[in-house]
Amino acid sequence: MLIQTQHQINWSSIGQFLFVIAGQKCKKDSMHNTVNDTKANVNGEVRVRMAPSPTGFLHIGGARTALFNWLYAKHHHGKFILRIDDTDTARSTDESMHEIYEAMQWLGLDWDEGGEKDGPYGPYLQSKRKDIYDRYVKELLASEKAYHCYCTQEELEGIRTEAREAKSVRSYDGRCRELSSEVIEKYIAEGRKPTIRIKMPDTPILVDDLILGSRNIDPATLEDEVIVRFNGMPNYNLTSIIDDVEMKITHVIRGTEHLNNTPKQIAIANALELSLPKFAHIPLVLDDTGRKLSKRHHGDLVAVNRYREQGYLPQAMLNFVARLGWSYDDKQEIFSLEELIDKFDLARVGKSGSVFDIKKLEWLNSHYINELDVSTRTDAVIPYWQAEGLIDTIENRAKLEKIVEAVGERLNTLKDIVPQTSYFFTQDFEYDPKATKKWWGNSDEKKQKTCEILTNLSQILADTPDFDLETIESSVWKYTDENDIKRVAAMQSMRIALTGLSFGPSLFDIVVLLGREEVLERLHRAVVSLT
RNA sequence: GCCCCCGUCGUCUAGCCUGGCCAAGGACACCGCCCUUUCACGGCGGCGACACGAGUUCAAAUCUCGUCGGGGGUACCA
């Protein structure tokens with residue numbers, strides 16, 4: 001892979017070299033094409049694309065494909081194009097298209113052309129490019145490299161079953177390649193609407209992949225692919241390669257699920273005498289059973305938007321997804337976007353699939369949350385408080401920031417703010433039974449003791465001259481130490497009384513934030529519930 | 001069935017191209033200890049992998065072949 005990248009660089013200099021030599025010897029006109037082609041492919045800017053079909057939300061795998069393309073473009077100071085592959089009119093929706101835009105924007109993966117942006121090679125919706133495809137299909141038909149196929153769905157199914165039983169490599173035998181005009185007329189009279197198929201070549205097709213290496217595909221394993229549906233709408237394999245060429249895409253970076261489509265697309269391009277982009281098939285993102293992550297099997301569990309809602313930061317998602325299949329060296333895990341742009345390289349993308357591990361995502365997410373300054377973190381967390389009805393309008397911003405500060409590094413997701421802090425906003429919480437059992441005690445005797453401690457603490461907190469951290473801390477500890485009470489026991493008992501929980505921020509932070517009145521009330525309530 | 005791809009700790013991976021530095025390194029997770037008013041953070045430690053079998057070689061995780069395993073595709077989806 002390193003060699004191939006190297007190869008590419010060498011080529012460009014060779015190209016320039018040839019230009020000089022050739023310019024001296026050849027007629028300008030005849031050179032013109034050659035030079036331009038060479039320039040477009042080798043010397044020109046890198047152009048990559050993301051080509052989702054708007055049949056659902058953007059999922060983790062799609063986000064990674066988008067990121068790899070985006071990084072590749074940025075790294076090479078090229079262009080990133082967003083093309084919408086919506087030739088499946090039955091399944092494509094506008095809503096889904098906008099959802100994809102939104103998810104991409106949230107991730108910060110901006111694009112140079114396509115989507116709702118215009119560009120020199122538009123339109124960027126395949127549904128609006130039909131005339132372009134028609135032109136190429138016409139050419140294919142005229143040169144007899146494609147033909148009409150009148151087989152019905154039922155017939156095709158029959159052929160497939162037979163082929164399977166015969167252990168044949170192909171499931172369509174090209175029977176409509178040479179139909180007599182009588183038969184065609186008969187079919188038309190029957191009202192059959194033909195599809196158009198491409199004639200696959202009988203010579204091997206070379207598939208050169210930047211990640212997987214090159215191999216020759218035996219043409220015997222390829223069948224005459226449908227390129228235009230009976231309703232006149234062209235198919236993915238045709239539109240994809242035509243647009244890649246038309247849009248001057250230099251590198252097609254996509255998931256390995258498309259590996260088997262590549263020879264078909266190459267065959268189409270060859271039939272049209274179009275020059276090819278380079279291909280790079282990145283390994284799949286898998287679930288924990290090793291299957292490809294897909295909308296169909298995993299639902300919105302794999303939707304980028306779901307992670308957004310759950311309180312994951314885009315930089316965490318990006319960092320996480322970048323390390324799925326790609327690595328820089330044997331130590332670095334945390335990469336800023338700038339570093340990714342700088343360090344990303346297809347040569348360091350592996351060949352095998354990677355399992356989506358939410359634990360690692362969480363770890364990265366907490367890392368990036370902790371990197372946020374308190375003010376930004378507060379902004380990020382406010383919507384989650386609001387969604388839970390814990391706050392309405394932001395009246396006391398300063399206090400919110402103090403709460404966030406007290407919570408410190410205890411957030412794996414932004415949403416974690418809710419269970420971590422809800423007691424700051426409401427008295428309506430339960431005492432966690434596990435916690436009370438452990439710290440308040442099970443027996444009447446122990447409960448009695450806890451009650452006594454809480455009552456004393458209540459008295460002490462009522463009496464302190466000031467209600468600041470230092471005063472509170474020293475008075476409480478004076479009490480525990482002089483009375484031979486374990487600090488932990490006192491603190492945890494009080495924590496449960498104030499929050500219902502056995503975990504959380506430093507207790508004295510909570511006390512100060514709650515304020516004297518609230519603390520005394522809650523202590524009283526706890527004492528009552530204990531007796 | 002057929003075609004294609006892949007195979008290092010539970011997971012992400014480094015190492016593989018250019019065989020010896022690898023009794024295989026890092027990270028996440030998990031477990032233990034320390035720190036500590038709890039939880040988390042942090043520190044220290046532990047568990048844990050070259051799918052298998054042949055071959056080549058003085059030497060193989062690294063090269064070759066085979067087996068097995070996993071995945072993807074197999075549509076008038078993309």
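Chain naming here is simple, since letters A, B, ... match the order of the sequence lines and numbering starts at 1 in each.
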(request) Would you mind telling me which of C76(B), C28(B), G73(B) lies closest to the side-chain atoms of E257(A)? (result) G73(B)
(message) In whole Å, measure the gap between the C1' atoms of G43(B) and U36(B) for me.
(response) 13 Å
(request) Let me know the distance between OH of Y147(A) and P of C76(B), rounded to the nearest Å. (result) 12 Å
(request) Provide, to the nearest angstrom, the distance between the CD1 atom belonging to I159(A) and the P atom belonging to C2(B). (result) 20 Å
Restricting to nitrogen or oxygen on both sides, can you table the protein-nucleotides 7-16 of chain B pairs closer than 3.5 Å?
{"residue": "C12(B)", "atom": "OP1", "partner": "V355(A)", "partner atom": "N", "Å": "2.8"}
{"residue": "C12(B)", "atom": "O2'", "partner": "R323(A)", "partner atom": "O", "Å": "2.9"}
{"residue": "U13(B)", "atom": "OP1", "partner": "G325(A)", "partner atom": "N", "Å": "2.3"}
{"residue": "U13(B)", "atom": "OP1", "partner": "S354(A)", "partner atom": "OG", "Å": "2.9"}
{"residue": "U13(B)", "atom": "O3'", "partner": "S327(A)", "partner atom": "OG", "Å": "3.1"}
{"residue": "A14(B)", "atom": "OP1", "partner": "S327(A)", "partner atom": "OG", "Å": "2.8"}
{"residue": "A14(B)", "atom": "O3'", "partner": "R348(A)", "partner atom": "NH2", "Å": "3.3"}
{"residue": "G15(B)", "atom": "OP1", "partner": "R348(A)", "partner atom": "NH1", "Å": "3.2"}
{"residue": "G15(B)", "atom": "OP1", "partner": "R348(A)", "partner atom": "NH2", "Å": "3.4"}

(message) Under a 3.5 Å cut-off for both contacts, is A54(B) paired Watson-Crick or G-U wobble with anything, and if yes, with which nucleotide?
(response) U64(B)
(message) Return the pairing partner of C44(B) with a 3.5 Å limit on both distances, Watson-Crick or G-U wobble; otherwise return none.
(response) G32(B)
(message) Just N and O in the side chain of R160(A): are any of them under 4.0 Å from OP1 or OP2 of C2(B)?
(response) no
(request) Tell me the partner of A49(B), counting only Watson-Crick (N1-N3 plus N6-O4 or O6-N4) or G-U wobble (N1-O2 and O6-N3) with both under 3.5 Å; none if nothing fits. (result) none
(message) Can you check the distance between C34(B) and C22(B), where both ends of the measurement are the P atom (answer in whole Å)?
(response) 34 Å
(request) Please state how far atom CD in E225(A) lies from atom P in C77(B), giving the value in whole angstrom units. (result) 11 Å
(request) Please determine, for the side chain of R410(A), which listed nucleotide (C4(B), A40(B), A27(B)) has the closest atom? (result) A40(B)
(request) Starting at atom CZ of R164(A), determine the distance to atom C1' of G1(B), rounded to an integer number of angstrom. (result) 5 Å
(request) Please determine, for G19(B), whether a Watson-Crick or G-U wobble partner exists with both distances under 3.5 Å, and give it or none. (result) none
(request) Mind calculating the distance between CZ (R495(A)) and P (U36(B)) to the nearest angstrom? (result) 16 Å
(message) Checking contacts here: which listed nucleotide (G73(B), C2(B), G26(B)) is nearest the side-chain heavy atoms of K331(A)?
(response) G26(B)
(request) Return the nucleotide paired to C2(B): Watson-Crick means purine N1 to pyrimidine N3 with N6-O4 or O6-N4, wobble means G-U with N1-O2 and O6-N3, both under 3.5 Å. (result) G73(B)
(message) Taking atom types as they are modelled, would you say the side chain of N235(A) forms a donor-acceptor pair with the base of A75(B) within the 3.5 Å cutoff?
(response) no
(message) For R175(A), is there an ion pair with D173(A) - N to carboxylate O distance below 4.0 angstrom?
(response) yes
(message) Base, sugar-phosphate or nothing for Q332(A)? Non-hydrogen atoms, less than 4.0 Å.
(response) nothing
(message) Which is more 5' along RNA chain B, the nucleotide nearest E165(A) or the one nearest Q492(A)? Just name the residue.
(response) E165(A)
(request) Select base, sugar-phosphate, or nothing to describe what D86(A) touches, counting heavy atoms under 4.0 Å on all strands. (result) nothing
(message) For the backbone of G311(A) and the side chain of N365(A), can you confirm whether one donor and one acceptor N or O come within less than 3.5 Å of each other?
(response) yes
For residues 404-411 of chain A, dump all side-chain donor-acceptor pairs below 3.5 Å to protein atoms at least two apart in sequence or in another chain.
{"residue": "R410(A)", "atom": "NE", "partner": "V407(A)", "partner atom": "O", "Å": "2.8"}
{"residue": "R410(A)", "atom": "NH1", "partner": "G504(A)", "partner atom": "O", "Å": "3.2"}
{"residue": "R410(A)", "atom": "NH2", "partner": "A406(A)", "partner atom": "O", "Å": "3.4"}

(message) So P283(A), base contact, sugar-phosphate only, or nothing? Heavy-atom distance under 4.0 Å.
(response) nothing
(request) Answer yes or no: does a side-chain N or O of R229(A) lie under 4.0 Å from OP1 or OP2 of A78(B)? (result) yes
(request) Assess the pair F508(A) and W477(A): is the distance between their ring centroids shorter than 6.0 Å? (result) yes
(message) Using the side-chain heavy atoms of N260(A), tell me which of these nucleotides is nearest: C76(B), C4(B), U37(B).
(response) C4(B)
(request) Sticking with atom P, work out how far C28(B) lies from G20(B), rounded to a whole angstrom. (result) 29 Å
(message) Students often get this wrong, so: under 4.0 angstrom with heavy atoms, is H258(A) touching a base, only sugar-phosphate, or nothing?
(response) base
(message) At less than 4.0 Å, is any side-chain N or O atom of T87(A) found next to OP1 or OP2 of A78(B)? Yes or no.
(response) yes
(message) By the 4.0 Å heavy-atom rule, please label G504(A) as base, sugar-phosphate, or nothing.
(response) base
(message) Using atom P in both nucleotides, what's the gap between G26(B) and U67(B) to the nearest angstrom?
(response) 37 Å
(request) Pick base, sugar-phosphate or nothing for L507(A), based on heavy-atom distances below 4.0 Å to the nucleic acid. (result) base
(request) Quick one: look up who C9(B) pairs with, Watson-Crick or G-U, both distances under 3.5 Å, and put none if it's unpaired. (result) none
(message) Say we look at C16(B) and G72(B): how far apart would their P atoms be, to the nearest angstrom?
(response) 29 Å
(message) Give me the distance, rounded to whole Å, that separates C17(B) from C12(B) when you measure between the C1' atoms they each carry.
(response) 22 Å
(message) Whether D85(A) and R83(A) form a salt bridge (side-chain N of Lys/Arg under 4.0 Å from carboxylate O of Asp/Glu) is what I want to check.
(response) yes
(request) Indicate yes or no for a side-chain donor-acceptor contact from N270(A) to the backbone of L276(A) under 3.5 Å, with no hydrogens or angles considered. (result) no
(request) Assign R215(A) to base, sugar-phosphate, or nothing according to its heavy-atom contacts below 4.0 angstrom with the strands shown. (result) sugar-phosphate
(request) Can you figure out which of G72(B), C4(B), C76(B) approaches the side chain of V226(A) most closely? (result) C76(B)
(message) Under a 3.5 Å cutoff, is there a donor and acceptor pairing between the side chains of Q492(A) and R495(A)?
(response) yes
(message) Among Y307(A), F356(A), Y368(A), exactly one meets ring-ring contact (aromatic ring centres under 6.0 Å, His included) together with F320(A). Which residue is that?
(response) F356(A)
(message) Both A51(A) and S506(A) contact RNA chain B. Taking the nearest nucleotide for each, which residue is further toward the 5' end?
(response) S506(A)
(message) What's the gap between C68(B) and G53(B) when it is taken at their P atoms, as a whole Å value?
(response) 15 Å
(request) Using the P atoms only, state how far C31(B) lies from A40(B), rounded to an integer number of Å. (result) 10 Å
(message) Can you tell me how the ring of W363(A) sits relative to the ring of H367(A), calling it parallel under 30°, perpendicular over 60° and tilted otherwise?
(response) tilted
(message) Of the options U38(B), U37(B), C76(B), whose atoms approach the side-chain atoms of F230(A) most closely?
(response) C76(B)
(request) Look at the aromatic rings of Y101(A) and W111(A) and report parallel, tilted or perpendicular, splitting at 30° and 60°. (result) tilted
